[in-house]
Amino acid sequence: MLRFVLRRLLQTIPVLFVIITATFFMVRFVPGGPFTSEKALPPEIMKNLEAHYGLDQPLWRQYLGYLGRIAQGDLGPSFKYANRSVNEIIGAKLPASLELGGLALGVALLIGLPLGVLAAVRRNSWLDYLASSVGMLGICVPTFVLGPLLVLFFAIHLGWANASGWYDWTDRVLPSLTLGLVYAAYVMRLTRGGMLEVLNQDYIRTARAKGASETRIVLRHALRGGLLPVVSFLGPAIAGILTGSFVIETIFQIPGLGREFVNSAFNRDYTLVLGTVILYASLIVVCNLVADVVQVWLNPKLKFE
Amino acid sequence: MNSSAPLPPVLVEPGHSPGRDALHRLRQNRLAVAGGLTLILLAVLCIAGPWVLRATYQEQNLDLGATPPSAAHWLGTDTLGRDLLVRLLYGGRISLGVGLCATFVALTIGVVYGAIAGYVGGKADAVMMRLVDIIYALPFTIFVILLMVFFGRNIILLFVAIGAVEWLTMARIVRSQIMALKKMEFIEAARALGFGHRRIIFRHLLPNAFGPIIVYATLTIPAVMLLEAFLSFLGLGVQPPMSSWGTLIKDGAEKMEEFWWLLVFPGGIFSLTLLSLNFLGDGLRDALDVRAAKD
């Protein structure tokens, strides 16, 4: 197990390296720079600015310098926000995004798992059909339709919550529901499918023959295997929740990193774009790693591969 | 071998081709049929509708402004007095067009990549599929966003960028199909006849993997349309005065407090399309009984 984890950890290094390199050069080869604006700056000032941020040096030296600084955990100064480092900006904006993502994941699991298990156990009952149709709706009503609709109904029509903002817990409800429901639908479908497959297997029959109660069979024997598809979905789901939060942050005016990222791309704030991409990529790579480890832990068959 | 014993007479039943069987099974699935019919209806409306209604998507009527649905404008008008129904139909052309074109890009890349990996096998296959695994783990939406921001928002780039993201699963499915098929006898026969690799892949292997490919392509279209709408919602997709359903939803979401119909109708028709595509895709999957495409 330890060897597996170590090997996977080592594999993430080249992946991150490729991401950093690809983003660095992509960002540099685009037309327009961070200091081009409608009013052209005097050439001397432009020169000073470029010298200050090291943009006058050859590209390969900028690249090496950047790699060196990342190795020390420094993402460099922001090009647009004078006197603020990318680390500071991320530090200020990330908590809201992480909180939103965590809550959404919670919504997805808390709704998706029980519904999926129930739908599988009571197969072809009204509960199963209800869960399936709700799941289908969840997949087909995208977040950027669901979010505004929820705001329209609960915030504007009923007045139960604020339409936007990020102050107290009531502001958390609508955004995390919006972001989480889609994934709840996926989790529900995957759980149902996984449970149905497991419930047909011999060891479940053995457990039944030994007289185990139905609750015990479902929770102790079947759930572990039935969760496998959900666990392998968690990696992509977390990536989706992180990028999905861009839209949610825009709809609900949440001061998170997602909105900052889209803005920084528009502003050509190279270092902030790079820093955010690196951060998101690392987060996603780590989450995939954790998902893989959990999967091996749940399914002993995989250990020998 | 002794073949003197006469063979028992075979009662030949009228034959069923696998394709006809599948079509029959598809017809039994009411949801899939409903989905398919809805899609055909939507496509016809989007293509023919604007001609019949004789209005253009940019025709403004500032005096009129935003009006709720009425006899003159069935779905109401937006703040510039433009007919929402007409705009929805034009937007549908773009959204459906992006869905089809980008899916085609994804399909081409995925099928060729998967077929080569599966056919060649060995080390090349291991490296190619490992690459797919790695790309799977990347925040690819972020790269599409960067591409769209940096290189102007042109619609061809949109097709390519979305297609470049969505080919991975197709590659996996095609590869697994090809790996299973290439060990079969008819491929051995094709080899013995001295056919080239290209001919074997494209004429013998891929046609047999057609079922899973068509099923997954159907399921890719909604994913692609979602991504396009997502980008348009962030202001990165189709640019005005053109509008896709994504941009209409974005406009609607900004103005919903006063003009609910601007959000509800575009959102509704977009969801209806996704729903139909998913039902049709699921139906096709059951009809063609494709297990490989289930993940």
Side-chain angles (χ1 to χ4, degrees), chain A residues 11-12 14-15 18-19 22-23 26-27 29-32 136-137 139-149 151-152 155-157 163 193 229 232-233 235-236 239-240 242-244 246-247 250-251 258-259 261-262 264-268 273 276-277 280-281 283-285 287-289 291-292, chain B residues 31 130-131 133-152 168-169 222-223 225-227 229-236 245-246 249-250 252-258 260 262-264 266-279 282 294-295:
Chain A
Q11 280 175 354
T12 61
V15 173
V18 168
I19 294 174
T23 326
M26 189 171 114
V27 167
F29 281 123
V30 297
M136 202 67 194
L137 271 180
I139 288 171
C140 291
V141 181
T143 49
F144 44 87
V145 175
L146 184 65
L149 282 179
V151 170
L152 194 60
I156 296 171
H157 187 67
S232 57
F233 174 68
L242 280 176
T243 44
F246 296 0
V247 158
T250 310
I251 296 172
R259 211 146 59 103
F261 169 71
V262 178
S264 68
F266 273 119
N267 291 332
R268 305 273 189 275
V273 168
T276 319
V277 171
Y280 276 149
L283 265 177
I284 289 168
V285 166
C287 289
N288 274 313
L289 177 71
D292 281 1
Chain B
L31 282 176
R130 186 71 203 124
L131 196 69
D133 288 345
I134 290 174
I135 301 177
Y136 241 115
L138 296 187
F140 239 69
T141 321
I142 291 180
F143 282 94
V144 177
I145 291 176
L146 287 182
L147 267 179
M148 297 310 291
V149 173
F150 291 154
F151 295 97
L168 298 165
T169 313
M225 290 179 66
L226 253 179
L227 190 50
F230 177 87
L231 289 172
S232 293
F233 194 87
L234 289 175
L236 297 171
W245 285 341
I249 292 171
K250 174 188 158 66
E254 281 164 7
K255 293 163 190 153
M256 65 184 179
E257 285 188 45
E258 296 151 279
W260 56 268
L262 292 179
L263 170 69
V264 171
I269 203 157
F270 186 67
S271 301
L272 180 69
T273 310
L274 294 187
L275 196 69
S276 307
L277 279 164
N278 276 312
F279 279 146
D282 282 354
K294 273 202 169 156
D295 53 13

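Note on naming: letters A, B, ... go to the chains in the order of the sequence lines (proteins, then strands), and numbering restarts at 1 for each one.
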Nearest heavy-atom contact between B:F230 and A:G244 is CE1-CA, 4.2 Å
Taking every heavy atom of B:S271 against every heavy atom of A:P142, the minimum-distance pair comes out as OG-CD, 3.9 Å
Between [X] and chain B, with a heavy-atom cut-off of 4.5 Å, which part of the residue counts as in contact: side chain, backbone, both or neither?
| X | result |
| --- | --- |
| A:I251 | side chain |
| A:T250 | side chain |
| A:V273 | side chain |

Kindly indicate whether the side chain of A:V141, heavy atoms from C-beta on, has any atom under 4.5 Å from the side chain of B:L274.
no
Comparing B:I145, B:V264, B:L277, B:N278 against chain A, the one with the most heavy-atom pairs below 4.5 Å turns out to be B:N278
Contacts of B:F279 meeting side chain to side chain contact (heavy atoms under 4.5 Å, CB included) (sequence neighbours excluded), chain-then-number -> A:M136, B:L31, B:L275
Taken in chain and number order and not counting sequence neighbours, the residues that satisfy side chain to side chain contact (heavy atoms under 4.5 Å, CB included) with A:T276 are A:L257, A:F261, A:L272, A:Y280
Rounding to 0.5 Å, atoms CD1 (B:I249) and CZ (A:F144) come to a distance of 5.0 Å
